[in-house]
Peer 1: 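Before we start, here is the structure in question, set down as structure tokens.
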Amino acid sequence: MRSDERRAAVPAWAAALCGLTAGAVALGVAAAAAGLVDPAAFPVAAVGNTLVDISPGPLKDWAIRTFGSYDKAVVVAGVSVLLALGAAGIGRLTRRRGLPYGVAGLAAFGALGLAAVLTRPGASAVHALPTLLGVLAGGLALALLDRRAVTAVAATPDTPDREGERRAEFDRRALLGGVAGGVVLAGISGVAGALAGGLRTVDAARSTLALPRAVRPATPLPRGADLRIPGLSPFVTPNADFYRVDTAFVVPRVDPRDWTLRVHGMVDRPVEISFTDLLRRPLVEADVTLTCVSNEVGGPYVGNARWLGVRMADVLREARPHAGADMLLSTSADGWTCGTPLEIVLDGRDALFAVGMNGEPLPTEHGFPVRQVVPGLYGYVSATKWVVDVKVTRFDRDTAYWTSRGWAAEGPIKTQSRIDVPAAGASVPAGRTTIAGVAWAQHRGVAGVEVRVDRGEWRAARLAVTPGPDTWRQWSIEADLPAGGHAIAVRATDGAGRTQPAETAPPVPDGASGYHVIQITAT
């Protein structure tokens, strides 16, 4: 039975299926090995992170605005589709040219994944192991499926010139059985990788962690801090609803038993703290609103929570920064970096190495076991999740992840306001209508909010009570709306008497500003 005859017996769809299954096995085995080595060594995650790093700034901004917290899922889905197409193509290549060509195709994909893995921060030679094992497993799976797809049968009696020879025939049942086995192997390997990667261990550590009480608890929320208007963002954002914007394709799962924080650089006395040591320090609570610099006017990337943690200023004063230092370069467990003005952390505000969020340990996706929270600064210059290292340095010596890409170095939050009720584009009954929303100007406070309907006079809104200048503030106003279309605008004034500008500015590189205007219809 000639090899070309053997390959011709396999339908194109079956060849593609062989390639897809081999690719799934390769990724499953790579995931399992990455769970044992380091989840960051999974080639799909490494490729996704690399794509983010090399993407132009405007493309990143568009992705965040368009997909928000799902931006990473979109990239992973895109990479997965490309991998699936490539795997199917490898199966077809095997059918046309032979098994060695198919294995070479797998090796080429593996080389791309390997390059992405080994260029990630903190990568070592052992990080290559998951990709290499995945390629090996995928090649073996492709060879086995290629063999199962064809069976040899005796030549038919009407071919006397081939008497004694055997001809190739496609074996659908054997192939589908092999595919089923490959899918099961890929699935089991993927689950094993997740478990080995610390998912269960870290989640168990978080669920059993009892946080100490704060030596300086936050005051109970004053009556009137939450207006409790249906549709209005609550004063405290539930953890499950709190926005997430970061560059982590694989959420770092840091075991608190292994976590340490190192403070070094331009200091007299470097400090290293374990998680146990951190919890023994005086903990404070603070209500702080966080905002992403990518949040557009009226956007959802803002939330308020009650944080529990150790004051960053206390730790830094132990290290005794040098007089010329003006920046903290913090690094997360996955290598992301952030530059924070040192004077902001030391000026008395509640800048925290936070361990708790709304009465429970930090959710894993929000930085467990420890993250930074600094009131008054956009997250890209302050809110490092999974923080493990703080270098005391200078802005003219070091740059961080986003500032090296042209974003503003200091990132103070701009005064902004948003209309939550009614929703943009809504239809409401004509007559008396409640208009409500939130406004924020972290560490300056919101002193006033005004609303305008159909370019009429600005009217002062009723403000909710606020526990301090670091949180957002709810507001509401009643308006009589006749039937027809209406444009509603809002603007806020901060505690220093500065009113947000009318002109709408884009969110990055230094934060959005401008009136939030919505269109509604009264019927």
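All residue numbers in this chain count up from 1 along the given sequence.
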Peer 1: Pair Tyr401, Trp407 - check ring-ring contact (aromatic ring centres under 6.0 Å, His included), show working.
Peer 2: CA-CA 9 Å; Tyr401 183 92; Trp407 291 20; 8.7 Å; no

Peer 1: Taking C-beta and beyond as the side chain, do Thr384 and Trp336 meet within less than 4.5 Å on heavy atoms?
Peer 2: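 Yes; the side chains approach each other to less than 4.5 Å.
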
Peer 1: Using every non-hydrogen atom in the two residues, find where Val345 and Thr340 come nearest and quote the distance to one decimal.
Peer 2: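 Nearest pair, atom of Val345 first, then Thr340: CG2-CG2, 3.9 Å.
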
Peer 1: Is there a side-chain hydrogen bond (donor to acceptor under 3.5 Å, both in side chains) between Gln442 and Thr291? Walk through the geometry before answering.
Peer 2: CA-CA 9 Å; Gln442 288 91 313; Thr291 314; 2.7 Å; yes

Peer 1: Compare all side-chain heavy atoms of Arg311 with those of Arg216 and state whether any distance is below 4.5 angstrom.
Peer 2: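 Arg311 vs Arg216: side chains touch.
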
Peer 1: Restricting to non-hydrogen atoms, name the atom on Leu308 and the atom on Ala214 that form the minimum distance, rounded to 0.1 Å.
Peer 2: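 That would be CD1-CB, 3.7 Å.
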
Peer 1: Check whether Tyr378 reaches the backbone of Ser294 with its side chain - one donor and one acceptor, N or O, closer than 3.5 Å.
Peer 2: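 A pair under 3.5 Å: no.
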
Peer 1: Of all heavy-atom pairs between Asp334 and Pro252, which one has the smallest distance, and what is that distance?
Peer 2: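 So the two residues come closest at CB-CG, 3.9 Å.
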
Peer 1: Distance alone, cut at 3.5 Å: any donor-acceptor contact between the side chains of Arg462 and Ser476?
Peer 2: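 Yes, Ser476 and Arg462 have a side-chain donor paired with an acceptor closer than 3.5 Å.
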
Peer 1: Can you name the closest pair of heavy atoms from Ser513 and Lys414 and give their distance?
Peer 2: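 For Ser513 versus Lys414, the nearest heavy atoms are CB-CD, 4.0 Å.
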
Peer 1: Is a side-chain N or O of Thr331 found less than 3.5 angstrom from the main chain of Gly335, in a donor-acceptor match?
Peer 2: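 No, Thr331 side chain to Gly335 backbone: no donor-acceptor pair under 3.5 Å.
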
Peer 1: One pair to check against side-chain hydrogen bond (donor to acceptor under 3.5 Å, both in side chains): Thr493 and Arg498. What are the steps and the verdict?
Peer 2: CA-CA 5 Å; Thr493 301; Arg498 296 185 293 263; over 6 Å; no

Peer 1: Enter the distance from His516:NE2 to Ser417:OG here, rounded to the nearest 0.5 Å.
Peer 2: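 OG of Ser417 is found 8.5 Å from NE2 of His516.
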
Peer 1: For the residue pair Pro222 and Pro467, establish whether any side-chain heavy-atom pair is separated by less than 4.5 Å.
Peer 2: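 Side-chain contact under 4.5 Å: yes.
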
Peer 1: Judged by atom type as modelled, is there a donor-acceptor pair below 3.5 Å linking the side chain of Asp454 to the main-chain atoms of Gly456?
Peer 2: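 Answer holds: no.
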
Peer 1: With heavy-atom distances below 4.5 Å as the criterion, would you say the side chains of Val390 and Leu329 are in contact?
Peer 2: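 Contact flag for Val390/Leu329 side chains = no.
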
Peer 1: Which heavy atom of Ala447 sits nearest a heavy atom of Asp494, and at what distance?
Peer 2: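 Closest approach of Ala447 to Asp494: CB-O, 3.5 Å.
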
Peer 1: In Å and rounded to the nearest 0.5 Å, what is the OG to CZ distance from Ser330 to Arg371?
Peer 2: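 It comes to 11.0 Å.
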
Peer 1: With respect to Val288, which candidate in Val374, Leu352, Val373 satisfies the side chain to side chain contact (heavy atoms under 4.5 Å, CB included) definition?
Peer 2: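 Exactly one pass, corresponding to Val373.
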
Peer 1: Please find out if less than 6.0 Å separates the ring center of Phe353 from that of Trp307.
Peer 2: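 Between Trp307 and Phe353, which both carry aromatic rings, the centre distance is not below 6.0 Å.
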
Peer 1: Report the residue from Thr237, Asn304, Thr471 that forms a side-chain hydrogen bond (donor to acceptor under 3.5 Å, both in side chains) with Thr289.
Peer 2: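 When side-chain hydrogen bond (donor to acceptor under 3.5 Å, both in side chains) is applied between Thr289 and each of Thr237, Asn304, Thr471, only Asn304 qualifies.
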
Peer 1: Yes or no on side chain to side chain contact (heavy atoms under 4.5 Å, CB included) for Leu221 and Asp226, after CA distance, side-chain angles and deciding distance?
Peer 2: CA-CA 9 Å; Leu221 289 182; Asp226 196 319; over 6 Å; no

Peer 1: Quick one: do Arg459 and Ile477 satisfy side chain to side chain contact (heavy atoms under 4.5 Å, CB included)? Show the steps, please.
Peer 2: CA-CA 8 Å; Arg459 295 174 51 210; Ile477 194 171; 3.7 Å; yes

Peer 1: Please test Ile488 against Val451 for side chain to side chain contact (heavy atoms under 4.5 Å, CB included), starting from the C-alpha separation and ending with a verdict.
Peer 2: CA-CA 7 Å; Ile488 303 174; Val451 176; 3.9 Å; yes

Peer 1: May I have the step-by-step check of side chain to side chain contact (heavy atoms under 4.5 Å, CB included) for Val297 and Gln416, ending in yes or no?
Peer 2: CA-CA 8 Å; Val297 171; Gln416 193 53 258; 3.8 Å; yes

Peer 1: Specify the closest pair of heavy atoms between Val449 and Ala439, including all atoms of both residues, with the distance to one decimal.
Peer 2: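 Reported closest heavy-atom pair: CG2-CB, 3.9 Å.
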
Peer 1: Does Ala286 offer a backbone N or O that forms a donor-acceptor pair with the side chain of Asp350 under 3.5 Å?
Peer 2: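 Not confirmed, Asp350 side chain does not pair with Ala286 backbone.
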
Peer 1: Taking 4.0 angstrom as the limit, do Lys391 and Asp389 come out as a salt bridge?
Peer 2: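 Salt bridge: no.
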
Peer 1: Just how far is it from atom CG of Leu342 to atom CZ of Phe395, taken to the nearest 0.5 Å?
Peer 2: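 So the CG of Leu342 and the CZ of Phe395 are separated by 9.0 Å.
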
Peer 1: Could you grab the distance from atom OG1 of Thr219 to atom CG of Asp287, nearest 0.5 Å is fine?
Peer 2: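 Output value for this atom pair is 7.0 Å.
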
Peer 1: Before accepting this row, confirm whether a basic side-chain N of the pair Arg244/Asp246 lies closer than 4.0 Å to the acidic partner's carboxylate O.
Peer 2: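 A salt bridge is present here (some side-chain N lies under 4.0 Å from a carboxylate O).
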
Peer 1: Taking the side chain from Asn295 and the backbone from Ala512, do they hold a donor-acceptor pair closer than 3.5 Å?
Peer 2: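 The answer is no, because no donor-acceptor pair under 3.5 Å joins these two groups.
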
Peer 1: Under the criterion side chain to side chain contact (heavy atoms under 4.5 Å, CB included), which of Val47, Leu27, Leu20 is the partner of Leu83?
Peer 2: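 Exactly one candidate clears the test, Leu27.
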
Peer 1: Please check this pair: side chain of Arg349 against backbone of Pro375, looking for a donor-acceptor N/O pair closer than 3.5 Å.
Peer 2: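 Yes, the answer is positive, given that a donor and an acceptor are paired below the 3.5 Å cut-off.
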
Peer 1: State the OG1-CG distance between Thr434 and Leu232, to the nearest 0.5 angstrom.
Peer 2: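 Rounded to the nearest 0.5 Å, the OG1-CG separation comes out at 10.5 Å.
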
Peer 1: Is Trp475 reaching over with its side chain to a backbone N or O of Ile419, donor-acceptor style, under 3.5 angstrom?
Peer 2: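 No, because the side chain of Trp475 does not come within donor-acceptor range (under 3.5 Å) of the backbone of Ile419.
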
Peer 1: Is there a donor-acceptor pair closer than 3.5 Å between any side-chain N or O of Asp470 and the backbone N or O of His443?
Peer 2: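 Here the side-chain-to-backbone pair exists.
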
Peer 1: Please answer whether the main-chain N or O of Met357 pairs with a side-chain N or O of Asn239 as donor and acceptor at a distance below 3.5 Å.
Peer 2: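 Looks like yes, one N/O pair under 3.5 Å.
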
Peer 1: Quick one, Thr499 and Thr415 - any side-chain contact, counting heavy atoms below 4.5 Å?
Peer 2: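 They are not in side-chain contact.
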
Peer 1: Tell me whether Gln474 contacts the main-chain N or O of Leu227 through its side chain, where contact means a donor paired with an acceptor under 3.5 Å.
Peer 2: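 Yes; at least one donor-acceptor contact below 3.5 Å.
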
Peer 1: Could you measure the distance from the CE atom of Met327 to the CD atom of Glu343? Nearest 0.5 Å is fine.
Peer 2: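 CD of Glu343 is found 13.5 Å from CE of Met327.
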
Peer 1: Just checking, any donor-acceptor pair under 3.5 angstrom between side chains of Ser404 and Thr399?
Peer 2: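 Per modelled atom types, Ser404 and Thr399 side chains form no pair under 3.5 Å.
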
Peer 1: Does Glu360 pair with Arg206 as a salt bridge, N-O distance under 4.0 Å?
Peer 2: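 Looking at Arg206 together with Glu360, the answer is yes, because their closest N to O distance falls below 4.0 Å.
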
Peer 1: Apply side-chain hydrogen bond (donor to acceptor under 3.5 Å, both in side chains) to the pair Ser233 and Arg418, showing each step before the final yes or no.
Peer 2: CA-CA 10 Å; Ser233 300; Arg418 185 180 74 195; 2.8 Å; yes

Peer 1: What I'd like to find out is whether the side chain of Val302 reaches to under 4.5 Å of the side chain of Trp472, using heavy atoms alone.
Peer 2: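 Answer yes - side chains close enough.
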
Peer 1: Are side-chain heavy atoms of Thr466 and Val446 found at a separation under 4.5 Å?
Peer 2: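 They are not in side-chain contact.
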
Peer 1: Could you check Thr433 against Glu478 for side-chain hydrogen bond (donor to acceptor under 3.5 Å, both in side chains), going step by step and ending with a plain yes or no?
Peer 2: CA-CA 6 Å; Thr433 301; Glu478 301 292 322; over 6 Å; no

Peer 1: Think Arg491 forms a cation-pi with Trp458, using NZ or CZ under 6.0 Å from the six-ring centre and within 45 degrees of its axis?
Peer 2: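 Here Arg491 passes the 6.0 Å and 45° test against Trp458.
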
Peer 1: Indicate yes or no: at least one non-hydrogen side-chain atom of Leu261 is less than 4.5 angstrom from one of Phe275.
Peer 2: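 No. Closest side-chain heavy atoms not under 4.5 Å.
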
